Amino acid sequence: MTAAPIAVALDAPDLDTAARWATLVTPHVSTVKVGLELYLRYGPDVVASVRGASRVQVFLDLKLHDIPATVRGAARAVARLKPSYLTVHAAGGPAMIREAVEAAPATKIAAVTVLTSLDEADLRAVGIEGPAPDAVRRLAALAVGAGAQALVCSPQEAAAVRAEVGPDITLITPGVRPAGADTQDQARVATPEAALAAGADLLVVGRPITAAPDPGAAAAAMAAALRRFPGERPPGTPRHG
């Protein structure tokens, strides 16, 4: 049975919990995501701990954003961990993105466009010309032009981004919540089925799975729901692994 295109965000308070969650969900999902807090607390060992003996993909979500030389060094340092994905901020500019791509050739560099926690008022406050879908499209085009192989955007912008960058770029969508779930700190959200229909390739899901009484069962249920979903996509849009 093919694993569902879900990246479970292992935002755990400690390494043992993160590893336990990973063990529970990896039979059902393709990817586990290690964020900044867990990585800074436990260092590179966290990647081996959550990968375990499985072949699950590891999404290293560090959102690098610095001068190009510093990002090159950081990307080179984590490339030895062989993550499937590594995030950088698209707002760091094309030179920074190119350095990351060159420093980690075996990893897909995923450029974060506009954080899903930001709304229109937030964008105005930080000086980003909106509305959000326009800002996301501009940053997506910039990042792909600089060599990014993946993009992170909210599911609400996935269709527009797909139209902008074509079928060969992996689209990763946080802000995915099952119908009726609490949106928590996400401002631009969609259901898993809606995200896939919009053209997303990998759905980032955290608390709806990890905060469930049985994370493994929650992951299995979401995976089963996605397998029942017809998954209609824009013509020519593949599903990326």
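Predicted model only: the values in this text are computed from it and were never measured.
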| task | Go through the steps for L86 and L64 under the test side-chain contact (heavy atoms from CB on, under 4.5 Å), then give the verdict. | result | CA-CA 9 Å; L86 171 67; L64 302 177; 4.1 Å; yes
| task | Grab the two heavy atoms, one from A104 and one from A75, that are nearest each other, plus how far apart they are. | result | CB-O, 4.1 Å
| Distance, nearest 0.5 Å, that separates CG of L38 from CG of D11 | 8.0 Å
| query | With a 4.5 Å heavy-atom cut-off, do R162 and D201 have their side chains touching? | reply | yes
| query | Given side chains that start at C-beta, do those of L202 and T173 come closer than 4.5 Å, heavy atoms only? | reply | no
| Do the rings of H89 and H65 sit parallel, tilted or perpendicular, given the 30° and 60° boundaries? | tilted
| query | Ion pair present between R124 and D119, side-chain N to carboxylate O less than 4.0 angstrom? | reply | no
| query | Nearest heavy-atom pair of E120 and P131: which atoms, and what distance? | reply | OE1-CA, 3.3 Å
| Atom pair CD1/CZ of I67 and R72 - distance to nearest 0.5 Å | 13.0 Å
| field | Pairwise distance CD1(I169) to CD(E164) - rounded to 0.5 angstrom | value | 11.5 Å
| query | Do K82 and T107 have side-chain heavy atoms sitting under 4.5 Å apart? | reply | no
| query | Does any non-hydrogen side-chain atom of Y85 lie less than 4.5 Å from one of I172? | reply | yes
| remark: In terms of heavy-atom contacts, G147 and V101 come closest through O-CG2, 3.5 Å
| query | Distance only, no hydrogens: is a donor on one side chain within 3.5 Å (strictly under) of an acceptor on the other, for K108 and S84? | reply | no
| query | Which atom pair, heavy atoms only, marks the closest approach of V204 to K33? | reply | CG1-CE, 3.6 Å
| Any Lys/Arg nitrogen of E157 or R137 sitting under 4.0 Å from an Asp/Glu carboxylate oxygen of the other? | no
| Taking the side chain from R138 and the backbone from E129, do they hold a donor-acceptor pair closer than 3.5 Å? | yes
| task | Look up atom OG1 in T210 and atom CZ in R207, then write down how far apart they are to the nearest 0.5 Å. | result | 8.0 Å
| query | Heavy atoms, side chains only, cut-off 4.5 Å: are T113 and V152 in contact? | reply | no
| request: Decide side-chain contact (heavy atoms from CB on, under 4.5 Å) for V58 and L81; before the verdict, give the C-alpha distance in whole Å, the side-chain angles of both, and the deciding distance to 0.1 Å. | output: CA-CA 9 Å; V58 175; L81 304 174; over 6 Å; no
| query | Rounded to the nearest 0.5 Å, what separation is found between the CZ atom of R76 and the CD atom of E102? | reply | 10.0 Å
| task | Drop me the distance from I109's CD1 to T87's OG1, to the nearest 0.5 angstrom. | result | 8.5 Å
| message | Side chains of P94 and L142, heavy atoms from C-beta outward: is any pair under 4.5 Å? | response | yes
| message | One pair to check against side-chain contact (heavy atoms from CB on, under 4.5 Å): L151 and V144. What are the steps and the verdict? | response | CA-CA 8 Å; L151 295 165; V144 170; 3.8 Å; yes
| Okay, side chain of T70, backbone of D66: is any donor-acceptor separation there less than 3.5 Å? | no
| Closest contact, heavy atoms only, I6 versus A223 | CD1-N, 4.3 Å
| request: Go through the steps to decide whether D61 and V34 satisfy the test side-chain contact (heavy atoms from CB on, under 4.5 Å), and finish with yes or no. | output: CA-CA 6 Å; D61 189 18; V34 173; over 6 Å; no
| With a 4.0 Å cut-off, would you call E37 and R41 a salt bridge? | yes
| query | Side-chain contact, heavy-atom cut-off 4.5 Å: Y42 with D14? | reply | yes
| Which atom names give the shortest non-hydrogen contact between L24 and P215, and what distance separates them? | CD1-CD, 4.1 Å
| Any side-chain heavy-atom pair of V46 and L15 under 4.5 Å | yes
